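Dropping a structure here in structure tokens format, bear with me for questions.
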Number of protein chains: 2
Amino acid sequence: MTTEDERKSRMARDVELLWGLDTTPARRGPKPRLSREAVVRAAIGVADAEGIEAVSMQRVARELGYTTMSLYRHVDSKEDMLVLMLDTATDGVPPAPREDGDWRAGLEEWCNGALEMHRAHPWSVFVAFSAPPSGPNGLRWMEAGLRELVASGLDVGESLQMLTILSAVVRDTVRLEIEMTRAAQSTGSTLVESENDYSQSLRRVVTAERFPTIDRMLREGVLGEAPAPGRTGGPAEELDFGIRRILDGIESYVRAERGTGG
Amino acid sequence: MTTEDERKSRMARDVELLWGLDTTPARRGPKPRLSREAVVRAAIGVADAEGIEAVSMQRVARELGYTTMSLYRHVDSKEDMLVLMLDTATDGVPPAPREDGDWRAGLEEWCNGALEMHRAHPWSVFVAFSAPPSGPNGLRWMEAGLRELVASGLDVGESLQMLTILSAVVRDTVRLEIEMTRAAQSTGSTLVESENDYSQSLRRVVTAERFPTIDRMLREGVLGEAPAPGRTGGPAEELDFGIRRILDGIESYVRAERGTGG
DNA sequence: ACTTATTAGTATAAGCAATACACAGTTCTA
DNA sequence: TAGAACTGTGTATTGCTTATACTAATAAGT
């Protein structure tokens with residue numbers, strides 16, 4: 001809200017924004033009927049119900065029964081609103097510290113928690129954050145993940161690096177699944193049908209000479225076909241495998257480091 | 001262009017779009033002075049020079065010296081244009097097959113190649129594809145990556161899963177670096193200065209009680225401080241470490257599988 | 001009572017993707 | 001060879017978008 005220092009970095013601004021360090025309680029003027037919190041909550045409501053593309057200042061204002069411009073009294077810009085939405089949506093509780101020191105289990109829990117969060121607020125995977133976590137909720141999740149990574153034996157810098165990777169993998173997998181599901185639904189078919197359709201289309205352009213491995217993939221029916229009953233066949237289905245390989249990688253690295261006295 | 005089948009899946013549509021299977025040479029009417037290729041090339045030019053947010057139908061048309069609506073004769077929608085841009089921008093040559101069978105080196109080359117591609121067209125990391133690769137260039141890269149992964153001993157499905165992860169990691173890392181650099185530049189500071197600024201801000205809200213690991217991270221100066229000379233200190237700097245851990249994970253998994261007769 | 005800060009509303013600018021239609025150019029057919 | 005059929009580009013326009021500038025009403029401090 002305050003514009004005191006234009007030279008402040010975006011990341012530093014985010015911290016103030018998300019911790020409410022930028023608002024001083026008004027001493028004069030009418031009592032605000034609207035609030036920043038209400039705006040953000042309404043925006044999340046719209047995003048949950050109709051997707052992030054439905055979130056416009058007009059739409060959120062209409063939801064609240066106010067004019068478009070009144071929102072700008074509580075939020076500097078739509079971008080700020082999105083940043084606030086993201087931290088607010090992350091208000092779930094990250095996994096507690098493992099008593100048994102099983103960092104692998106701890107990180108699998110963390111990834112599943114992140115997966116759940118994104119599934120509860122699908123729009124969250126489309127809001128590209130432009131800075132490391134800065135808000136109370138974001139930092140809580142970051143702390144929970146870093147804690148387990150450090151417990152594995154990585155140093156703090158390495159842990160941060162791997163946490164960035166884990167969250168990127170989870171987020172991007174959910175994103176792809178959502179987009180593919182959405183695309184499938186828009187033609188009135190299921191994800192599996194759509195994948196089969198895609199597979200069929202690829203066969204028209206994929207030759208064994210130019211694309212031997214992809215050709216093999218298509219022949220082996222990796223895409224589509226019939227997934228196990230009750231399963232979607234989507235990307236997130238096999239997320240566990242990839243996550244476990246990353247954890248394998250951490251484990252073998254730490255073990256090797258310990259061996260060489262690292 | 002043709003709208004024959006509305007029930008066709010998005011992924012199948014992408015294949016036809018990207019391989020030009022949807023255009024039949026016109027038999028009547030004026031010779032087209034504009035072409036799909038020219039439109040896409042102009043759009044890429046704008047995106048390269050001014051970022052993806054500068055790419056509008058108006059802007060691209062202006063670049064070409066035509067009216068906005070003339071573009072729609074060559075491209076069905078802006079979304080289609082973005083899909084075409086992405087495959088076209090991927091026209092670099094992916095690493096050739098390793099003669100020595102060193103799949104780890106092959107995959108590191110692949111990741112570096114992808115990194116280079118994104119650096120050459122920074123906007124590419126902001127264009128969220130909503131389907132697996134479908135175009136000639138996308139498939140070429142996919143083939144090159146899958147080939148090395150299969151060489152590692154993974155089956156084709158597992159390879160696809162890991163390739164998705166590798167490309168997500170590279171893309172997201174570049175994205176974060178670009179956003180942070182952009183944010184830093186907008187306040188006239190460097191990335192390191194900005195990170196230090198962020199670190200400083202975090203100290204105001206991070207306590208050792210609530211966020212012990214983050215607190216440690218800040219004390220150890222993981223963010224910002226002075227990177228090695230000539231280095232930016234950005235996220236992509238340490239990308240190699242994460243990639244190697246993922247490769248470690250693949251290696252240890254394959255080895256274990258082989259041991260159990262997998 | 002009067003000044004001053006604050007909230008919400010109004011008016012509006014500048015830009016966005018996309019539809020509908022007019023018109024001119026080109027080729028195939030009768 | 002005449003004209004129907006079709007195609008490429010331009011014009012007009014709709015209904016969105018974020019955001020700035022300003023007005024009227026409100027409440028607190030002096």
Side-chain angles (χ1 to χ4, degrees), chain A residues 1-4 6 22-40 42-43 46-47 50-85 123 126-128 130 186, chain B residues 1-4 6 22-40 42-43 46-47 50-85 123 126-128 130 186:
Chain A
M1 234 50 169
T2 55
T3 47
E4 43 172 47
E6 278 299 327
D22 59 335
T23 48
T24 41
R27 303 225 152 273
R28 302 187 189 187
K31 292 274 145 69
R33 323 212 297 285
L34 217 46
S35 70
R36 173 176 288 185
E37 204 216 318
V39 169
V40 173
V46 172
E50 301 168 45
I52 195 68
E53 65 279 356
V55 176
S56 72
M57 301 308 268
Q58 303 194 34
R59 183 73 182 70
V60 174
R62 180 152 55 85
E63 204 71 13
L64 291 161
Y66 288 81
T67 58
T68 307
M69 295 319 297
S70 62
L71 304 193
Y72 284 96
R73 191 61 42 181
H74 304 274
V75 152
D76 266 6
S77 64
K78 189 185 180 182
E79 209 188 317
D80 274 12
M81 189 174 79
L82 290 172
V83 170
L84 288 162
M85 286 172 69
W123 51 268
F126 299 104
V127 178
S130 50
S186 79
Chain B
M1 237 48 169
T2 56
T3 48
E4 43 171 50
E6 278 299 325
D22 59 334
T23 49
T24 41
R27 303 227 150 275
R28 301 188 189 187
K31 291 274 146 67
R33 324 213 296 285
L34 215 45
S35 69
R36 173 176 288 185
E37 206 216 315
V39 169
V40 172
V46 172
E50 299 168 46
I52 195 68
E53 64 279 356
V55 175
S56 73
M57 300 308 269
Q58 305 194 33
R59 183 74 182 70
V60 174
R62 182 152 55 85
E63 204 71 13
L64 290 160
Y66 288 80
T67 59
T68 306
M69 296 319 297
S70 63
L71 304 193
Y72 284 95
R73 189 63 40 181
H74 304 274
V75 153
D76 266 8
S77 64
K78 189 186 180 184
E79 209 188 316
D80 274 13
M81 188 174 80
L82 291 172
V83 170
L84 288 162
M85 285 171 70
W123 51 269
F126 299 103
V127 179
S130 50
S186 79

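Residue numbers start from 1 in every chain, and the chains themselves are labelled A, B, ... in the order their sequence lines are given, proteins ahead of strands. It should be emphasised that the depicted structure is a prediction, and the values quoted were computed from it without experimental measurement.
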Short side-chain N/O contact from B:Ser70 to OP1 or OP2 of D:dT9, under 4.0 Å: no
Pairing of A:Asp22 and A:Arg36 as salt bridge, 4.0 angstrom limit: yes
Heavy-atom closest contact (A:Ser70 atom, A:Leu34 atom, distance): OG-CD2, 3.9 Å
Nearest heavy atoms of A:Trp123 and A:Met85, plus distance in Å: CH2-O, 3.6 Å
Outermost nucleotides of DNA chain C that come under 4.0 Å of a non-hydrogen atom of chain B: C:dC16 to C:dC28
Whole-Å distance separating the CG atom of B:Leu64 from the P atom of D:dT9: 10 Å
Verdict with supporting geometry, B:Glu50 and B:Arg59, side-chain contact (heavy atoms from CB on, under 4.5 Å): CA-CA 11 Å; B:Glu50 299 168 46; B:Arg59 183 74 182 70; 2.5 Å; yes
Check the interface with nucleotides 27-30 of chain D: list each N/O to N/O pair with the protein under 3.5 Å, or write none.
from, atom 1, to, atom 2, distance (Å)
D:dA27, O4', A:Gly29, O, 3.3
D:dA28, OP1, A:Lys31, NZ, 2.7
D:dA28, O3', A:Arg27, O, 3.4

B:Val60 versus B:Ala42, closest heavy-atom pair with distance: CG1-CB, 4.0 Å
Shortest non-hydrogen separation from A:Val75 to A:Ser77 and the atoms involved: CG1-O, 2.9 Å
Separation between OG of A:Ser35 and CZ of A:Arg73, rounded to the nearest 0.5 Å: 15.0 Å
Grab the N/O contacts between the protein and nucleotides 15-19 of chain D below 3.5 Å, and write none if there aren't any.
from, atom 1, to, atom 2, distance (Å)
D:dT17, OP1, A:Ser56, OG, 2.9
D:dT17, OP2, A:Gln58, OE1, 3.4
D:dT17, OP2, A:Gln58, NE2, 3.1
D:dT18, OP1, A:Lys78, NZ, 3.0
D:dT18, OP2, A:Met57, N, 3.1
D:dA19, OP2, A:Tyr72, OH, 3.0
D:dA19, OP2, A:Lys78, N, 3.1

Pairwise distance CG(B:Leu71) to CD(B:Gln58) - rounded to 0.5 angstrom: 10.0 Å
Where B:Pro32 and B:His74 come nearest, the two heavy atoms and their spacing: CB-CE1, 4.2 Å
Heavy-atom pair with the smallest gap, counting every atom of B:Ala54 and B:Val46: O-CG1, 3.8 Å
